[in-house]
Engineer: 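Sharing a structure, written as structure tokens. Questions coming.
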Amino acid sequence: MAEKILVIGAGIGGLCTALMLAPSGREVIVLERDGPVETGNPDELFASWKRTGVGHLRQSHAFLARLRNIVKAEHPALLDQLAELGVRELTFENMLTEEQLAAYQPEPEDEELKILTSRRTTLEMAMRHYAESLANVTIRSGFLVRRLITTKDADGVFDVTGVDGEENGVPVSLTADAVVDAAGKSGFTIEQLIDEGATIKEESESSGILYFTRHYRLREGQDEPDRRSNPPATGDLGYLKFGVFPGDGGNFSITIAIPEVEMEMRKSILNPEIFHQITLMLPGLYPWTNETRSEGTSKVFGMGDLQSRWRDMVTDGKPAVRGYFALGDTLIRTNPLYGRGCSFAAVSAQRLRETLDETADPTARAVAYYKRITEELRPFYLTQRRQDRSAIKRAKQALTPGYRKSLRAKILESFIDDGIRIAVRSDIRLLREAMRGFHMLEHPDKWLGKPRNLAKVLYYWSRGKKSNAAAYPPNPGPERIEMMQALKLDYQADIDRMAEPEIAAA
């Protein structure tokens, strides 16, 4: 008899689990507390879909190359269906500068460096419809999981054998061979295990940033701006980061990320007029959001509580729980800056299938699964956390009057800005290798650890700014004071706040 697997949550993590486990012949039951998809029209769905458990549903989304490649290898028909709905593919060629494009010779591996991008609602709708079409997958909408069914074994390990919940208001208990927790950041069932005494270790800290997204639609007869005749549509000004996410059906979104310490900007940017005014002051966004090109179609969606979190489910070779597998934001959370959350979930689902196929022993399964996750994903988690800590420090320093960078900090900043950045904007091979790390196709630090790559970066760095002038991108936007004054915001308030003893000491 085929194993029965319960999956908590029909978000990206839960759907990836269904897609990965379906070919194995197991019975997969996905339990989703929100209602079903009630329309096949992407615009209607974006406007009306209520997803209580997915607060970031209308934030900008993109599937990194790692996730796209998984879909292509496992379910190519889904990739076709996404294309039919207008989901976009951005290629490696799209990443090249104008100078690089003139010398570009495609390589076979460039096919692996494609991004999928559209509105999250469209992505999720297509994935859900596809998953529901698979013979051994069932999605039960309106099912609220209240608690895990657990017992504590004599060895101190908890065994999970099912869930208790309510289906459309009616109490229901379900048992299974395994439970996969893909409930995401708002899930609470893993907290139940911790409260009951399961030895789940957790590390958590703030990513130091908040995200704000507004959606736009191209006006009739208008096309997207040419990417090479305009300034880059992504950039980092220190006090804010920005990016354009092309969507389906002539839609696109703008996301602006602001450090936690920039309180005045954070409070104001939820006003659509302020948000829009900011876009018009950024040379890379103006071609997209000016009145001739497009119109705003949504309010400003904020996303906070961005924690960097890792949960260890195995300690000294002993699992905390058997028959229970966490993935996605339930297990690991990182700053959405690089959009790795969905890819983390897909990779975890793949590794789960490998583990379940490998052994039927519950203890061996628990140990093997979390070992695979640690080996595969922790390097990316640590890299992002390190970058977050550095960004938090820089944001605070920018609001500290009289702050002077140390010589070491200046050298490191120059190596990144005038060495690495210029090298990948000049050398196509270096960009290709760097993108393999970015898209989780290789260890994130592998490309720069290769002697010939590091030597090439050092070569560009040593040439100096004058020789590399053509590789520098144009100024991404105004300085902080100029922006704040244009928005009629108090640029001094956060500087004064940072001077308060309790904040300065943080």
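Every value quoted in this text rests on a predicted model; they were computed, and no experiment measured them.
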Engineer: Looking at every non-hydrogen atom in both residues, tell me the closest pair between Met483 and Pro478 and how far apart they are.
Structural biologist: CE-CG, 3.8 Å
Engineer: When you measure from the side chain of Asn230 to the backbone of Pro287, do you find a donor-acceptor pair of N or O atoms at a distance under 3.5 Å?
Structural biologist: no
Engineer: Arg436 side chain to His443 main-chain N or O, any donor-acceptor pair under 3.5 Å?
Structural biologist: no
Engineer: For His215 and Phe301, take the angle between the two ring planes, folded into 0 to 90°, and tell me which bin it lands in: parallel under 30, tilted 30 to 60, perpendicular over 60.
Structural biologist: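 The rings of His215 and Phe301 stand perpendicular, inter-plane angle above 60°.
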Engineer: Closest approach of Ala182 and Leu327, non-hydrogen atoms and distance?
Structural biologist: CB-CD1, 3.7 Å
Engineer: Show your working on side chain to side chain contact (heavy atoms under 4.5 Å, CB included) between Met498 and Ile495 and close with a plain yes or no.
Structural biologist: CA-CA 5 Å; Met498 277 298 300; Ile495 295 174; 5.8 Å; no
Engineer: Report the residue from Arg421, Lys405, Arg408 that forms a salt bridge (Lys or Arg N to Asp or Glu O under 4.0 Å) with Glu413.
Structural biologist: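 Exactly one option meets the salt bridge (Lys or Arg N to Asp or Glu O under 4.0 Å) with Glu413, and it is Lys405.
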Engineer: Within the side chain of Asn468, is there an N or O that forms a donor-acceptor pair under 3.5 Å with the backbone of Trp461?
Structural biologist: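 It does not hold such a pair.
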Engineer: Do Leu280 and Gln277 have side-chain heavy atoms sitting under 4.5 Å apart?
Structural biologist: no
Engineer: Asp417 and Tyr472: side-chain donor and acceptor closer than 3.5 Å?
Structural biologist: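 Tyr472 and Asp417 do not have a side-chain donor-acceptor pair below 3.5 Å.
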Engineer: Tell me, which pairs form a ring pair (Phe, Tyr, Trp, His ring centres under 6.0 Å) where one or both residues lie in residues 274-297, sequence neighbours left out?
Structural biologist: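 Counting only pairs at least two positions apart or across chains, the ring pair (Phe, Tyr, Trp, His ring centres under 6.0 Å) contacts touching residues 274-297 are Tyr216-His276, Phe252-Trp288.
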Engineer: Checking side-chain polar atoms at under 3.5 Å, does Tyr459 have a donor or acceptor matched by the opposite partner on Asp427?
Structural biologist: no
Engineer: Scan side-chain atoms only and decide if Arg429 and Asn453 contain a donor-acceptor pair under the 3.5 Å cut-off.
Structural biologist: yes
Engineer: Less than 6.0 angstrom from the centroid, inside 45 degrees of the normal: does Arg480 satisfy that with respect to the ring of Tyr239?
Structural biologist: no
Engineer: If you take all heavy atoms of Gly249 and Arg217, which pair is closest and at what distance?
Structural biologist: O-NH1, 3.4 Å
Engineer: For Gln397, is the CD atom crowded, meaning more than 12 foreign heavy atoms sit under 6.0 Å from it?
Structural biologist: yes
Engineer: Over all heavy atoms of both residues, which pair between Phe380 and Pro444 is shortest? Give the atoms and the distance, please.
Structural biologist: CE2-CD, 3.4 Å
Engineer: So do Asp110 and Tyr104 actually touch side chain to side chain, heavy atoms under 4.5 Å?
Structural biologist: yes
Engineer: Taking C-beta and beyond as the side chain, do Pro106 and Glu93 meet within less than 4.5 Å on heavy atoms?
Structural biologist: no
